[in-house]
Amino acid sequence: GAVVSQHPSWVICKSGTSVKIECRSLDFQATTMFWYRQFPKQSLMLMATSNEGSKATYEQGVEKDKFLINHASLTLSTLTVTSAHPEDSSFYICSAGGGREETQYFGPGTRLLVL
Amino acid sequence: AQSVSQHNHHVILSEAASLELGCNYSYGGTVNLFWYVQYPGQHLQLLLKYFSGDPLVKGIKGFEAEFIKSKFSFNLRKPSVQWSDTAEYFCAVKGTGRRALTFGSGTRLQVQP
């Protein structure tokens, strides 16, 4: 099956700093990637849809200036959490759509802890 | 808007017991349906999916799900669970015309040896 990687797998940062998370589709091209956030023992909540070569589409309630998304190529999307605060601590998961059937393949996630 | 309901939040079974996890969705049009599993400390993996055709779909590891259009349901089943099936199970739906998935709240399955 298709493989999606994320880097880093976990990060600890100080409040006020910015953190960049990379999402790569390793063996297929993805014109669309998705960023989710998962709180402990809860489901995945869609944050935004990342479109290659165009602006991301954010879900209601997600601050686009805080969560910057760039989809510069067909295999890479980045999520930058700007001026991170403790409430941004969470598990961030990306997925990439692939193939005719539009199945999404998920990355392993990035655990962010903001101190 | 589309939504997904998983009514069983936490299920505890003994090994060899049969499993059925409920999933109901709300959407006015054609949908694609998925079940994902998240083992402890691991990422989401696709168990099975339904796009069209036979409403009874078989997935990996002996899991199957049945799409019942009239009931807006896509329940997951396994005739005999194993301890290694202990995980979180998520039902997800994607309506045609929408690219992202909407997930249910998840069901935590605990299989006791």
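First the proteins, then the strands, lettered A, B, ... as listed; each starts at 1. Bear in mind the structure is a predicted one, so any value in this text is a computation, not a measurement.
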Spacing of CD belonging to A/Gln104 relative to NZ belonging to B/Lys49, to within rounding of 0.5 Å | 11.5 Å
The interface call for A/Gln6 against chain B, heavy-atom contacts under 4.5 Å, is neither
Contacting moiety of B/Leu46, where chain A heavy atoms sit under 4.5 Å | side chain
Report yes if the side chains of A/Gln38 and B/Phe103 come closer than 4.5 Å at any heavy-atom pair, otherwise no.
-> no
For the ring pair A/Tyr36 and B/Tyr36, is the centre-to-centre distance below 6.0 Å?
-> no
Do you reckon A/Leu112 sits in the same ILVMFWY cluster as A/Met45, going by side-chain contacts under 4.5 Å, direct or chained?
-> no
Same hydrophobic cluster for B/Phe34 and B/Phe63, using side-chain heavy-atom links shorter than 4.5 Å among ILVMFWY?
-> no
Look at the side-chain heavy atoms of Ile, Leu, Val, Met, Phe, Trp and Tyr, link any pair under 4.5 Å apart, and say whether B/Val37 and B/Phe90 land in one connected group.
-> no
Comparing B/Gln38, B/Gln42, B/Arg108 against chain A, the one with the most heavy-atom pairs below 4.5 Å turns out to be B/Gln38
Group every Ile, Leu, Val, Met, Phe, Trp and Tyr by side-chain heavy-atom contacts under 4.5 Å, then state whether A/Val62 and A/Leu79 land in the same group.
-> yes
Spacing of NE2 belonging to B/His43 relative to CZ belonging to A/Phe91, to within rounding of 0.5 Å | 10.0 Å
Is there side-chain contact between A/Leu44 and B/Leu101, with heavy atoms separated by less than 4.5 Å?
-> no
Does B/Val111 share a hydrophobic cluster with B/Leu76, counting links as ILVMFWY side-chain heavy atoms below 4.5 Å and allowing steps through other members?
-> yes
A/His7 atom NE2, over 12 foreign heavy atoms within 6.0 Å = no
Kindly check if the number of other-residue, nucleotide or ligand heavy atoms within 6.0 Å of NZ (A/Lys55) is above 12?
-> no
Donor-acceptor under 3.5 Å (A/Ser43 side chain, B/Gly106 main chain) = no
